[in-house]
Number of protein chains: 2
Amino acid sequence: MHVSADSLIATLRTRGMRVTAPRRAICEVIAAAHAEHLTAAAILEAARARSDAKIDPSTVYRTLDALEGAGTLTHSHLGHGASVYHLADEAAHQHLICSSCGRTFELPEKDVRAFLDDITAGSGFVADPTHFAVSGLCAECAATSR
Amino acid sequence: MHVSADSLIATLRTRGMRVTAPRRAICEVIAAAHAEHLTAAAILEAARARSDAKIDPSTVYRTLDALEGAGTLTHSHLGHGASVYHLADEAAHQHLICSSCGRTFELPEKDVRAFLDDITAGSGFVADPTHFAVSGLCAECAATSR
DNA sequence: TTTCGTGCAAATTGTTTGCAATAGA
DNA sequence: TCTATTGCAAACAATTTGCACGAAA
């Protein structure tokens with residue numbers, strides 16, 4: 001099931017970190033996002049909307065870093081722009097980003113596995129599919145461009 | 001065979017673009033790099049060393065854009081940092097970047113093909129493996145971390 | 001009462017853009 | 001000549017960092 005805001009906060013507390021209003025708001029936003037992928041800017045905006053505390057971008061990045069350090073959160077690079085963050089408990093998936101329409105797609109774990117095995121077989125390299133997207137053309141854009 | 005500086009320059013000329021000292025120097029650097037992947041900063045530095053013309057970063061980016069527009073050059077995103085540029089006539093290859101030691105590897109076209117087919121089969125998505133790297137752990141780092 | 005965490009402001013990195021002067025064709 | 005191209009400086013977006021104050025523990 002999905003991680004709750006409380007368990008994210010508990011994670012921070014366990015690591016000896018202090019629980020503050022900004023951190024609480026950020027954890028709530030991340031928990032509420034479920035599988036959605038949010039940019040730091042989106043998290044900041046949502047956290048500000050949810051809390052009356054003044055929240056700074058740097059605080060968002062610092063909290064995100066802390067959660068990543070704890071292993072509960074990961075970020076991926078979808079394109080040329082900002083990174084997106086999502087809970088680490090999600091199934092591994094490969095992001096596909098269409099260079100024409102900009103939409104992103106997720107490749108189910110099964111298909112990713114075949115890709116990973118392929119890479120591993122040749123080089124001993126242990127790929128982490130979550131980190132970078134693969135760019136290309138989505139089915140629709142590929143059809144129109146032809 | 002590899003593209004020569006002259007043919008890159010000819011490409012620009014064919015497109016109705018003017019041939020200037022900075023462009024000539026940039027083309028020479030790219031041609032001399034063969035299969036090496038250079039950042040815009042590296043291209044700038046090398047072009048400055050090779051020409052007595054004053055060359056600005058913006059000129060490098062603009063020339064690189066022009067060559068990409070002509071289809072002779074492509075850039076890839078290897079990691080969080082700067083893009084790298086290389087001639088488009090190179091065989092398609094997937095970059096692997098080790099998140100631990102930072103080294104990059106190239107996956108031969110044959111192996112990439114299996115991956116591409118796999119992606120295409122499921123989603124109709126036409127992947128371009130050259131654009132984004134896949135991050136993970138190289139064989140060595142994976143061994144030490146275990 | 002200690003630190004840790006904060007907001008703020010400024011620095012960084014990589015890249016893009018507006019502009020007037022310059023130099024190809 | 002005439003317009004593309006330039007260097008410069010400033011704008012950019014995403015992110016990081018230094019710092020003194022304020023607030024968790």
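Letters A, B, ... mirror the listed sequences (proteins, then strands); counts begin at 1. Heavy-atom basis, side chains included; hydrogens, waters and symmetry copies ignored.
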Side-chain heavy atoms of [X] within contact of [Y], under 4.5 Å:
X       : Y        : value
B:Cys27 : B:Leu12  : yes
A:Leu8  : A:Val3   : yes
A:His80 : B:His131 : yes

Sequence-distant partners of [X], salt bridge (Lys or Arg N to Asp or Glu O under 4.0 Å), two or more places apart:
X        : answer
B:Arg103 : B:Glu140
A:Glu68  : none
A:Arg13  : none

Atom [atom1] of [X] and atom [atom2] of [N]: how far apart are they, to the nearest Å?
X       : N     : atom1 : atom2 : answer
B:Leu12 : D:dT5 : CG    : P     : 9 Å
B:Ile55 : D:dT6 : CD1   : P     : 9 Å
B:Arg13 : D:dA4 : CZ    : P     : 17 Å
B:Leu44 : D:dT6 : CG    : C1'   : 14 Å
B:Met17 : D:dT6 : CE    : C1'   : 12 Å

Report the nucleotide, chosen from D:dT5, C:dT6, C:dT16, that has the shortest atom-to-atom distance to any side-chain atom of B:Ser58.
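When the side chain of B:Ser58 is considered, C:dT16 is the closest of D:dT5, C:dT6, C:dT16.
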Tell me, please, which residues at least two apart from B:Ser76 pass side chain to side chain contact (heavy atoms under 4.5 Å, CB included).
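Side chain to side chain contact (heavy atoms under 4.5 Å, CB included) list for B:Ser76, sorted by chain: B:Leu78, B:Val84, B:His86, B:His95.
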Among residues at least two apart in sequence or on other chains, which ones pass side chain to side chain contact (heavy atoms under 4.5 Å, CB included) with B:Ser123?
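B:Ser123 satisfies side chain to side chain contact (heavy atoms under 4.5 Å, CB included) with A:Leu96, A:Leu107, B:Ile119, B:Phe125 only.
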Atom pairs, N/O to N/O, protein against nucleotides 1-3 of chain C, distance under 3.5 Å?
unit_1, atom_1, unit_2, atom_2, d
C:dT3, O2, A:Arg18, NH1, 2.8
C:dT3, O2, A:Arg18, NH2, 2.7

Which residues within residues 60-79 of chain B lie with some heavy atom under 4.0 Å of an atom in DNA chain C?
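Listed by number, they are B:Tyr61, B:Arg62.
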A:His77-B:His77 side chain donor-acceptor pair, cut-off 3.5 Å
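Absent: no donor and acceptor within the cut-off.
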Please output the side-chain donor-acceptor pairs of residues 59-66 of chain B that fall under 3.5 Å, not counting sequence neighbours, one pair per line with the distance.
unit_1, atom_1, unit_2, atom_2, d
B:Arg62, NH2, B:Ser58, OG, 3.1
B:Thr63, OG1, B:Thr59, O, 2.8

Partners of A:Asp128 by side chain to side chain donor-acceptor pair (under 3.5 Å), sequence neighbours excluded?
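A:Asp128: side chain to side chain donor-acceptor pair (under 3.5 Å) contacts with A:Thr130.
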Mapping B:Gly81 and A:Asp56 to their closest nucleotides on DNA chain C, which lands nearer the 5' end?
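With B:Gly81 and A:Asp56 compared, the 5'-side residue is A:Asp56.
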Members of residues 19-30 of chain A that approach DNA chain D, where some heavy atom sits under 4.0 Å away
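Within residues 19-30 of chain A, the residues near DNA chain D are A:Val19.
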Can a side chain N or O of B:Ser83 be found less than 4.0 Å away from OP1 or OP2 on C:dT15?
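Affirmative; the distance criterion is met.
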In this structure, which stretches of DNA chain C are paired as stems of three or more consecutive Watson-Crick or G-U pairs, both distances less than 3.5 Å?
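Stems found: C:1-10 with D:16-25, C:15-25 with D:1-11.
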Would you tabulate the side-chain donor-acceptor contacts of residues 42-52 of chain B under 3.5 Å, counting partners in other chains and residues two or more places apart, or write 'none'?
unit_1, atom_1, unit_2, atom_2, d
B:Arg48, NE, B:Ile55, O, 2.8
B:Arg48, NH2, B:Ile55, O, 2.6
B:Ser51, OG, B:Ala53, N, 2.9

Does the gap between the ring centers of B:His37 and B:His75 come in under 6.0 Å?
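Ring centroids of B:His37 and B:His75 are no less than 6.0 Å from each other.
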